[in-house]
There are 2 protein chains.
Amino acid sequence: MAGPARQQANEPRDAVKLWLRLYRPVSLIERELRSRFQREFAVSLSRFDALSALQRAPDGLLMGELSDRLLVTNGNVTGLISRMVVDGLVTRDALPQDRRSFRVQLTEAGQETFARMAHAHADWLAELLADLPGQTVSSLGEQAETLLHCLRTERTG
Amino acid sequence: MAGPARQQANEPRDAVKLWLRLYRPVSLIERELRSRFQREFAVSLSRFDALSALQRAPDGLLMGELSDRLLVTNGNVTGLISRMVVDGLVTRDALPQDRRSFRVQLTEAGQETFARMAHAHADWLAELLADLPGQTVSSLGEQAETLLHCLRTERTG
DNA sequence: ACATTTTATTTTAGAAGTAAAATATATCCG
DNA sequence: CGGATATATTTTACTTCTAAAATAAAATGT
């Protein structure tokens, strides 16, 4: 109970405190980005995230790879991509060698749309974070990286 | 274009990099908490957040105060609280002095439910963060706090 | 008093998300 | 080969969430 040793974050109170301190600003930024994407491009943050993941994968992604990268369920990706196909942002083609799988790829329109949005996204973040001291930017980033690698989630990756 | 001065986080590339480094681990933790609340208590993270906000406010909260604290829209809170009223976790009573407003308060059942969930929540976080060095916990927390205060969102607070 | 505006909330229509069951195809192993 | 199991995705039923319009009560100004 009153043990003096606590090298790590395993004090429940400290863990909750750290979590809330991270969660609040991240939620605020997320909310702000979401509403700006809606206002300026009439597009959801999820769509931007999907375009972003696809842009990094020149050969496209399977539905399952996409749901892994976006951290959402398969069922969610099914609907998200269906709507994006309708809007001409991506294509979704069956693989000949495995008829269960589908390869999703950006269309040219999707690439152009993404490029415009990515530019705005970067500017918005620079603006939102403009008051943060440069030193905090780098060290906060490094420690967030450490957090990612130390995380004990089921699917650590 | 090639200006040498960049004291702050206003280099778009740096800002995006920091954002992604924060967003990834926070999303992973959020996802993990969400699924554990579902598995163990058959309850959404949103409900836990709502109970948590109400617990901090002994005199209850107005619908609008709740949507401010939860960073979600009024319409969302309407539905969320309606379902929680049905399940007996909260009460929602009109104010006599302002008939537009409603005071939401935890019921005794809501308090008990919250207490059990809060305990599990703290344990889960301690477990998830167990590998994080204690020094990182405190300094990451402090810098996240700095981030919160420096944020240039519309509703800065 | 009374029209105007502001504030608090709900409603509406629909996107985004989940868990769990269903479907369909591949793979594995006797 | 054929049955069992594993994999990839969709479907289903539902909650969560948003933006925008609607409702209703309060506050304000002349």
Side-chain angles (χ1 to χ4, degrees), chain A residues 27-28 30-51 53 60-87 89-90 92-104 154-155, chain B residues 27-28 30-51 53 60-87 89-90 92-104 154-155:
Chain A
S27 297
L28 276 169
E30 188 180 10
R31 187 182 161 74
E32 188 70 27
L33 292 176
R34 194 178 297 280
S35 95
R36 292 194 190 202
F37 272 120
Q38 198 60 53
R39 261 207 311 276
E40 306 289 332
F41 297 102
V43 119
S44 68
L45 187 52
S46 308
R47 272 194 184 204
F48 176 73
D49 287 343
L51 291 174
L61 292 172
L62 305 184
M63 297 295 280
E65 292 174 330
L66 204 40
S67 68
D68 282 350
R69 277 167 179 67
L70 301 179
L71 301 177
V72 298
T73 57
N74 282 343
N76 183 18
V77 170
T78 296
L80 188 62
I81 292 301
S82 298
R83 288 182 295 268
M84 292 173 73
V85 169
V86 170
D87 293 350
L89 297 171
V90 300
R92 178 184 155 289
D93 303 299
L95 289 196
Q97 70 271 25
D98 184 344
R99 293 192 303 177
R100 296 167 305 178
S101 298
F102 295 88
R103 177 168 304 287
V104 183
E154 259 119 66
R155 33 158 65 183
Chain B
S27 297
L28 275 169
E30 189 180 9
R31 187 181 161 74
E32 187 70 28
L33 291 176
R34 194 178 297 283
S35 94
R36 291 193 191 202
F37 271 121
Q38 199 59 54
R39 260 207 310 275
E40 306 289 330
F41 296 103
V43 122
S44 68
L45 187 51
S46 309
R47 273 195 182 202
F48 177 72
D49 288 342
L51 291 175
L61 293 172
L62 305 182
M63 295 296 280
E65 292 174 330
L66 204 41
S67 67
D68 282 350
R69 278 167 180 66
L70 300 180
L71 301 177
V72 297
T73 57
N74 282 342
N76 183 17
V77 170
T78 297
L80 188 62
I81 292 300
S82 299
R83 288 182 295 268
M84 291 172 73
V85 169
V86 170
D87 292 350
L89 296 171
V90 300
R92 177 185 156 287
D93 302 299
L95 290 195
Q97 71 271 25
D98 184 343
R99 292 192 303 175
R100 297 168 303 179
S101 300
F102 295 88
R103 177 166 306 286
V104 183
E154 258 120 65
R155 33 159 64 184

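Just so we're on the same page: letters track the sequence lines, and every chain starts at 1.
- Put simply, CZ on A/Arg47 and CD1 on A/Ile81 are 9.0 Å apart, with the number rounded to the nearest 0.5 Å.
- Here B/Phe48 contributes atom CZ and B/Ser46 contributes atom OG; the two are 11.5 Å apart, rounded to the nearest 0.5 Å.
- For B/Arg34 and C/dA19, the CZ to C1' distance is 13 Å, given to the nearest whole Å.
- Residue A/Thr73 is classed as a base contact, given a heavy-atom separation below 4.0 Å to a base.
- Following rounding to the nearest Å, A/Phe48 (CZ) and C/dA15 (C1') show an atom-to-atom distance of 19 Å.
- Regarding B/Asn74, its CG atom lies at a distance of 10 Å from the C1' atom of C/dT7, rounded to whole Å.
- B/Gly64 comes within 4.0 angstrom of sugar-phosphate atoms only, judged by non-hydrogen atoms across all strands, and of no base.
- Atom-to-atom, CG of B/Leu45 to C1' of C/dA16 comes out at 16 Å; the value is rounded to the nearest Å.
- Put simply, OG on B/Ser101 and CG on B/Leu61 are 12.0 Å apart, with the number rounded to the nearest 0.5 Å.
- Scanning both residues, B/Ala50 and B/Leu80, for their nearest heavy atoms gives CB-CD2, 4.2 Å.
- You can see that DNA chain D meets the heavy atoms of chain B within a 4.0 Å-exclusive cut from D/dT15 to D/dA26, reading 5' to 3'.
- Remark: B/Leu33 CG to B/Gln38 CD distance equals 13.0 Å, nearest 0.5 Å.
- Using modelled atom types, no side-chain atom of A/Arg92 and backbone atom of A/Val85 make a donor-acceptor pair closer than 3.5 Å.
- Per the geometry, CG belonging to B/Asn76 stands 17 Å off P belonging to C/dA15, to the nearest Å.
- Positionally, the nearest nucleotide of DNA chain C for B/Glu65 lies more toward the 5' end than for the other of B/Gln38 and B/Glu65.
- Remark: P of C/dA19 and CD of B/Glu40 are 13 Å apart, rounded to the nearest angstrom.
- Atom pair A/Arg83:CZ and C/dG17:C1' shows a separation of 10 Å (rounding to whole Å applied).
- Regarding B/Arg103, its CZ atom lies at a distance of 13 Å from the C1' atom of C/dA8, rounded to whole Å.
- Looking at which nucleotide of DNA chain D each of B/Ser46 and A/Thr78 is closest to, the 5′-most match is held by A/Thr78.
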Output one line per pair: protein atom, nucleotide atom from nucleotides 23-27 of chain C, and distance, for all N/O pairs under 3.5 Å.
from, atom 1, to, atom 2, distance (Å)
C/dT25, O2, A/Arg100, NH1, 3.3
C/dA26, OP1, A/Arg99, N, 2.9
C/dA26, O4', A/Arg100, NH1, 3.4
C/dA26, O4', A/Arg100, NH2, 3.4

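- To the nearest 0.5 Å, atoms CG (B/Asp93) and CZ (B/Arg103) are separated by 9.5 Å.
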Going through the distances and angles, do B/Arg69 and B/Glu65 end up as a salt bridge (Lys or Arg N to Asp or Glu O under 4.0 Å)? CA-CA 6 Å; B/Arg69 278 167 180 66; B/Glu65 292 174 330; 5.2 Å; no
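- Across all strands shown, B/Arg92 has heavy atoms under 4.0 Å from sugar-phosphate atoms exclusively, and none from any base.
- With respect to A/Leu66, the side-chain contact (heavy atoms from CB on, under 4.5 Å) criterion is satisfied by exactly one of A/Asn74, A/Val77, A/Asn76: A/Val77.
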